[in-house]
Amino acid sequence: MRMSNMFSRTLREAPQGAESKGYEYLLRAGYIKQLGAGIFSLLPLGFKSTKKIENIIREEMDRIGGQEILMPVVNPADLWKESGRYYSIDKELARFKDRVGRDMVLAMTHEEAVTDIARAEIDSYKRLPLFVYQIQTKFRDDPRPRAGLIRVREFTMKDAYSFDRDQEGLEKIYRDNYRAYFRIYDRCGLPSIAVSSDTGMMGGKVAHEYMYLSPIGEDTIIICPHCGYTANRQIAKIYKEYEKEEAKPIEKVETPHAKTIDDLASFLNIDAKKTCKAVFMVGSFINDKTGEEEDKLIAAFIRGDLEVEEAKLQHAAGANSLRPAHEEEIRECGMVPGFASAIGAKGNFITIVDESAAYSSNLVAGANEEGYHYINTNFKRDYDGIVADIASARDGHLCPHCHKPMEAKKGIEIGNIFQLGTKYSEAMNCTFQDETGAQKPVIMGCYGIGVGRLLACLAEEYNDEGGLKMPITVAPYDVHLVSLVKDTEVAEKIYESLLESGIDVLYDDRKESAGVKFADADLIGLPIRITLGNRSLKEGKVEVKLRSTGEITSYDIADLAKEIKEEISKEKAKILDNIVDKNL
RNA sequence: CGGGCAGUAGCGCAGGGGCUAGCGCGUCUGGUUCGGGACCAGAAGGUCGCGGGUUCAAUUCCCGCUUGCCCGACCA
């Protein structure tokens, strides 16, 4: 490819709003171009890089028996009504009517579509297992796109779906995917970790997320450096120690202005661990079959030294979504914000009590009266509710396995795998006949990777002051040929010879100064740069510089193609040699 | 959806109730340079986001809308 003919240009200055380095360079180097909030075009460089990533994904999916298909973005809404997600997913799912008034959706994932195909294809256990995947456009009307390709509304996703007759089969393909995902990230050169995760809107029980650790990440990951326990904060467990003692009689005390746990603890001169905190949310409960929606107050109680994790609370309550409760909604149930507990409360609300509060004795809790708290409150004796783990894991909390302090880190989710079970097969009647003639629901799994987000993470991981430093497995071209010579004939010949040797090369044949060409080469970040300069050319030599290390070597023109092929293999080996099978 | 900021040339920005709306970079022409974003001379390029209001006069002030960014709610 000749740069004189390239569709995109580089930008000297970062466009407004590019706050992360990776995003800034992708824009400035001309990989991507924004069209709207969370909507991007891939320009030739970005598209070429994306294709390389996609092909790595393809190869790894094929390796574990995946068959590639392609499903439509536009789905009839009826399928989504069958699964219930037409109702349970809010505005993130884009809906519209076609010309005759049929409800349609833009698929944000393809469980419904693939299950519709599968229920027609699968009739007998002899047809199982099956495993399909696609690399396709998704639209999710995210309320807050941000950080370039990190969080977008339209994006390319590899989504795969497995169909098995039993849990053992599902677990096998799940393990295959677990390993394949690491191979994909490793081959792209992207550092990644797997963490146990929430199942969110996908449903199902077991799930893992793959994370690229980065300060610009929006997810919080809890990691135990001692035993290796890792989980998304949304589900991360912590080891809680309880102070169990003889229950003392409950007593009301005056605590003026002590509305927060800090105030209360210092006023009574006690540890926050001896208090019970109340958190009020309103949960939305949606009937999957009818779409009917009901709001209900959720009163959550937790020991004063801990925080409530909303995702856990939402699960414990069985709600579709949560929002903070208004003061009136709390008062309607007989509780007083700032001085609240479940003691003496009444009305239609759900009480969720964290283990920390349920199993500790003699805690200070609100008296539901302005300016008063109870001391020595005890779960079961004084109030009741559903006991669950709703505590939010924080940096320094103890590991549930080895009881040593854990760390909190920020990460970007670059993939996820779910054991769906029968959520969709049951809802959509996707069954098979077993040896005994019984109809059973197919056991499903689903597996996703955001391709554009992967590119964004790579740009984040591989850059310096000059621009991108793309790993050779995902760089748009392997080689950047920079010609500084007046005599274009020599440069053209070298370009031709590289092409003939099958080398993927970007040729800077523009009439620009050396500085401009070098700056652009650094910005675009191809792994190997060949410089043709007048001086070295006279001696029959050219200079080869590696973007990753800055290492410079001089080669005879006669050997150039051969030597470059060698350099390419070495660059590839640097990445591929690091692949270690990681098993679940 | 709440809060904040912004929309002026391709990009980054300045300006300001009236006159020809500027600057840097980029672009075009000519010339000099030629291994790290060169220099000289000349030139092109703007419905100042859209609509309404105030005013003799609005790009500037006011209102509405819209688009984008940031924070939060949200997020497989």
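All chains are named by letter (A, B, ...) in the order of the sequence lines, taking the proteins before the strands, and each is independently numbered beginning at 1. Treat the numbers as computed from the prediction; the structure is a model and nothing was measured.
Nucleotides B:U29 and B:G45 place their C1' atoms 15 Å apart, quoted to the nearest Å. Rounded to whole Å, the separation between the P atoms of B:U33 and B:U47 comes to 40 Å. Nucleotides B:C65 and B:G72 are separated by 24 Å at their C1' atoms, to the nearest Å. Annotation: B:C5 and B:C75 have their P atoms spaced 28 Å apart (nearest Å). Comparing the same atom, P, in B:G18 and in B:A58 gives a spacing of 11 Å after rounding to whole Å. Comparing B:G15 with B:C61, their P atoms are spaced 12 Å from each other, to the whole Å. Comparing B:C34 with B:G46, their P atoms sit 37 Å apart, to the nearest whole Å. Taking atom C1' in both B:G2 and B:U60, one finds a spacing of 30 Å when rounded to whole Å.
A salt bridge does not link A:D219 with A:R233: every distance from a Lys NZ or Arg NE/NH1/NH2 to an Asp or Glu carboxylate oxygen is 4.0 Å or more. Note on A:E461 versus A:K469: no salt bridge recorded, every NZ/NE/NH1/NH2 to OD/OE distance being 4.0 Å or above. A salt bridge links A:R153 with A:D141: the closest approach of a Lys/Arg side-chain nitrogen to an acidic carboxylate oxygen falls below 4.0 angstrom. In summary, A:D464 and A:R547 engage in a salt bridge, as defined by a charged side-chain N under 4.0 Å from a carboxylate O. A salt bridge links A:D556 to A:K541: at least one charged side-chain nitrogen sits closer than 4.0 Å to a carboxylate oxygen. Between A:R58 and A:E68 there is a salt bridge, since at least one side-chain N of the basic residue sits less than 4.0 Å from a carboxylate O of the acidic one. Salt bridge annotation for A:K277-A:E307: present, with a cationic side-chain nitrogen under 4.0 angstrom from a carboxylate oxygen. Salt-bridge annotation for A:E111 and A:R85: present, with a side-chain N of the basic residue lying under 4.0 Å from a carboxylate O of the acidic one. Ion pair A:R2/A:D509 flagged as a salt bridge, since at least one NZ, NE, NH1 or NH2 atom sits closer than 4.0 Å to an Asp/Glu carboxylate oxygen.
Among residues two or more places apart in sequence or in another chain, the salt bridge (charged side-chain N to carboxylate O under 4.0 Å, His left out) test is passed with A:E60 by A:R63, A:R183, A:R187.
The distance from atom OH of A:Y133 to atom CE of A:M71, rounded to the nearest 0.5 Å, is 12.5 Å.
Taking the six-membered ring for Trp and the full ring otherwise, the centers of A:Y174 and A:H208 sit less than 6.0 Å from each other. Here the two rings, on A:Y210 and A:Y185, have centers that are under 6.0 Å apart. Between A:Y161 and A:F418, the distance separating the two ring centers is not shorter than 6.0 angstrom. Between A:Y178 and A:F182, the ring center distance clears the sub-6.0 Å criterion.
Base-pairing analysis of RNA chain B finds the following stems of at least three consecutive Watson-Crick or G-U pairs, with both pairing distances under 3.5 Å: B:1-7 with B:66-72, B:10-13 with B:22-25, B:27-32 with B:38-43, B:49-53 with B:61-65.
Look at CG on A:D219: it is 13 Å from P on B:C74, rounded to the nearest Å. For the pair A:I221 CD1 and B:C75 P, the computed distance is 17 Å after rounding to whole Å. Taking atom CG on A:N416 and atom C1' on B:C75, their separation rounds to 12 Å, with Å as the unit. Distance, A:M108 CE to B:C75 C1': 9 Å, rounded to whole Å. Atom-to-atom, CD of A:E309 to C1' of B:C74 comes out at 14 Å; the value is rounded to the nearest Å. Atom pair A:I89:CD1 and B:C74:P shows a separation of 16 Å (rounding to whole Å applied). The separation between A:M157 atom CE and B:C75 atom P is 16 Å, rounded to whole Å. We find that CD1 of A:I414 is positioned 17 Å from C1' of B:C75, with the value rounded to whole Å.
As judged by a 4.0 angstrom heavy-atom cut-off over every strand, A:Y447 is placed among residues making no nucleic acid contact. Within the nucleic acid shown, A:A519 comes within 4.0 Å of at least one base atom, counting heavy atoms only. Note on A:K545: a base of the nucleic acid sits closer than 4.0 angstrom, heavy atoms only. Within the nucleic acid shown, A:D520 comes within 4.0 Å of at least one base atom, counting heavy atoms only.
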For nucleotides 22-28 of chain B, tabulate all protein N/O to nucleotide N/O atom pairs closer than 3.5 Å, reporting atom names and distance.
{"from": "B:G24", "atom 1": "N2", "to": "A:E13", "atom 2": "OE1", "distance (Å)": "2.9"}
{"from": "B:C25", "atom 1": "O3'", "to": "A:R12", "atom 2": "NH1", "distance (Å)": "3.4"}
{"from": "B:G26", "atom 1": "OP1", "to": "A:R12", "atom 2": "NH2", "distance (Å)": "3.1"}

Is there any protein nitrogen or oxygen under 3.5 Å from a nitrogen or oxygen in nucleotides 69-73 of chain B, and what are the pairs?
{"from": "B:C69", "atom 1": "OP1", "to": "A:Q34", "atom 2": "NE2", "distance (Å)": "2.8"}
{"from": "B:C70", "atom 1": "OP1", "to": "A:E19", "atom 2": "OE1", "distance (Å)": "3.3"}
{"from": "B:C70", "atom 1": "OP1", "to": "A:E19", "atom 2": "OE2", "distance (Å)": "2.9"}
{"from": "B:C71", "atom 1": "OP2", "to": "A:R144", "atom 2": "NH2", "distance (Å)": "2.3"}
{"from": "B:C71", "atom 1": "O5'", "to": "A:R144", "atom 2": "NH2", "distance (Å)": "3.4"}
{"from": "B:G72", "atom 1": "N7", "to": "A:R144", "atom 2": "NE", "distance (Å)": "3.3"}

Please write out each protein N/O paired with an N/O of nucleotides 30-33 of chain B under 3.5 Å, distance rounded to 0.1 Å.
none

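Near RNA chain B, defined here as any heavy-atom distance below 4.0 Å, the residues from residues 523-538 of chain A are A:R529, A:T531, A:G533, A:R535, A:S536, listed numerically.
At most 12 non-hydrogen atoms from other residues, nucleotides or ligands lie less than 6.0 angstrom from CZ of A:R9. For A:Q16, the CD atom sits in a loose shell: 12 or fewer heavy atoms of surrounding residues, nucleotides or ligands are nearer than 6.0 Å.
Taking only side-chain nitrogens and oxygens, A:S513 comes nearer than 4.0 Å to OP1 or OP2 of B:A38. Checking the phosphate oxygens (OP1, OP2) of B:C1, a side-chain nitrogen or oxygen of A:K91 falls inside 4.0 Å.
Nearest-nucleotide assignment on RNA chain B puts the 5′-proximal partner with A:R28, out of A:M281 and A:R28.
The only member of A:I417, A:V195, A:I221, A:I235 that meets side-chain contact (heavy atoms from CB on, under 4.5 Å) when paired with A:E209 is A:V195.
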